[in-house]
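Encoded as structure tokens, the structure appears first; notes follow it.
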Amino acid sequence: MAYICSRCIRCFSTVRALSQHEQNSPAHMITFDCDLCNRSFSSEKALRQHEENSPAHIPSYNCDLCDRSFSSERALSQHEQDAPAHAPSYDCDLCNRSFSSKRALQQHKEDSPDHAPSYVCGLCDLFFSSESALAQHERDSPAHAPSHDCDLCSRSFSSR
């Protein structure tokens with residue numbers, strides 16, 4: 001008489017051979033499969049141990065700006081605070097330089113000669129950094145002193 005395995009339809013000549021097949025055949029072992037890496041384990045305990053200890057299953061915290069990964073939220077947060085690439089940037093709209101603070105940008109705008117407001121003399125086209133410097137130039141420059149022309153000799157004088 002033949003004894004048939006209900007799972008794989010193999011035939012055995014004795015009940016003992018069929019029973020041994022059902023207990024020991026790798027094809028009929030109950031397995032516990034890891035969903036992340038497709039490995040199989042013979043017990044649920046072995047699967048849990050694998051999930052806890054395998055480097056492939058350690059949670060990682062990824063930086064969205066630079067694609068680095070960290071093993072904890074704290075490490076990621078520290079990276080985001082300390083990495084120069086993630087520091088806030090304050091850009092000068094006049095010259096495209098970047099600064100790490102609003103104060104540094106303001107200081108740059110105040111100190112840079114390229115960004116100083118300029119006041120132009122309407123008579124000689126010279127530039128000045130302040131209204132008072134322009135006023136002093138217009139008042140003291142010999143080129144801008146009022147001139148008085150003599151009707152008799154055609155010469156100019158600064159006073160009458």
Side-chain angles (χ1 to χ4, degrees), residues 7-8 23-160:
R7 293 182 189 161
C8 67
Q23 289 177 7
N24 298 331
S25 173
H28 301 315
M29 289 181 71
I30 296 174
T31 60
F32 298 86
D33 301 327
C34 176
D35 296 331
L36 295 172
C37 67
N38 297 322
R39 286 189 60 190
S40 296
F41 298 88
S42 59
S43 70
E44 191 170 353
K45 182 180 178 184
L47 172 61
R48 296 290 163 248
Q49 186 175 9
H50 161 75
E51 290 173 338
E52 290 172 10
N53 298 329
S54 172
H57 302 305
I58 294 174
S60 65
Y61 300 88
N62 302 321
C63 176
D64 296 331
L65 297 171
C66 69
D67 295 330
R68 286 190 60 191
S69 295
F70 299 88
S71 59
S72 70
E73 285 185 70
R74 183 172 177 237
L76 172 60
S77 178
Q78 190 70 47
H79 161 75
E80 290 172 338
Q81 289 175 11
D82 295 345
H86 304 318
S89 175
Y90 300 91
D91 302 327
C92 177
D93 52 347
L94 299 170
C95 68
N96 296 324
R97 284 189 59 194
S98 294
F99 299 88
S100 60
S101 70
K102 286 182 183 178
R103 179 70 193 119
L105 173 60
Q106 186 62 36
Q107 191 69 49
H108 160 74
K109 287 182 174 180
E110 291 171 8
D111 294 346
S112 174
D114 295 334
H115 304 326
S118 58
Y119 300 89
V120 183
C121 175
L123 298 172
C124 67
D125 293 331
L126 285 176
F127 288 85
F128 297 89
S129 61
S130 69
E131 281 186 271
S132 61
L134 173 60
Q136 181 179 352
H137 161 76
E138 290 173 338
R139 183 184 69 239
D140 298 343
S141 172
H144 301 317
S147 64
H148 304 283
D149 299 328
C150 176
D151 295 334
L152 299 173
C153 67
S154 301
R155 289 179 57 196
S156 293
F157 299 91
S158 61
S159 62
R160 286 194 184 235

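In this structure, Cys34 and Phe41 approach most closely via the heavy-atom pair CB-CE1, 4.4 Å. Between Phe128 and Cys121 the shortest heavy-atom distance is CE1-CB, 4.2 Å. Pairing each heavy atom of Ser43 with each of Phe32, the nearest pair is C-CD1, 3.3 Å.
With sequence neighbours left out, the ring pair (Phe, Tyr, Trp, His ring centres under 6.0 Å) criterion links Tyr61 to no other residue. Remark: Tyr119 engages no residue in a ring pair (Phe, Tyr, Trp, His ring centres under 6.0 Å) (not counting sequence neighbours). For Asp125, there are no side-chain hydrogen bond (donor to acceptor under 3.5 Å, both in side chains) partners at least two apart in sequence or on another chain. Listed by chain and number, the residues in a side-chain hydrogen bond (donor to acceptor under 3.5 Å, both in side chains) with Gln107 are Arg103, Asp111 (sequence neighbours excluded). Annotation: side-chain hydrogen bond (donor to acceptor under 3.5 Å, both in side chains) contacts of Glu52 (sequence neighbours excluded): none. Residues passing the side chain to side chain contact (heavy atoms under 4.5 Å, CB included) test with Glu80, sequence neighbours excluded: Leu76. Not a single side chain to side chain contact (heavy atoms under 4.5 Å, CB included) links Ala85 to another residue, sequence neighbours left out. Legend: residues meeting salt bridge (charged side-chain N to carboxylate O under 4.0 Å, His left out) with Glu44, ordered by chain and number and at least two apart, are Arg48.
Among residue pairs with one or both ends in residues 81-95, those qualifying as salt bridge (charged side-chain N to carboxylate O under 4.0 Å, His left out) are Asp93-Lys109; sequence neighbours excluded. Here side chain to side chain donor-acceptor pair (under 3.5 Å) pairs that include residues 30-42, with residues two or more places apart or in two chains, are Thr31-Asp33, Asp33-Ser40. Within the structure, the side chain to side chain donor-acceptor pair (under 3.5 Å) test picks out the following pairs touching residues 63-72 (sequence neighbours left out): Asn62-Ser69.
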Contacts table for residues 131-140: side-chain donor-acceptor under 3.5 angstrom, sequence neighbours left out:
from: Ser132; atom 1: OG; to: Ser130; atom 2: OG; distance (Å): 3.2
from: His137; atom 1: NE2; to: His144; atom 2: NE2; distance (Å): 2.9

Can you check side chain to side chain contact (heavy atoms under 4.5 Å, CB included) on Cys63 and His86, steps first, answer last? CA-CA 10 Å; Cys63 176; His86 304 318; 3.3 Å; yes
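Rounded to the nearest 0.5 Å, atoms OG (Ser141) and CG (Leu123) are 9.0 Å apart.
Between Arg7 and Ser25, the closest side-chain pair of non-hydrogen atoms is not below 4.5 Å.
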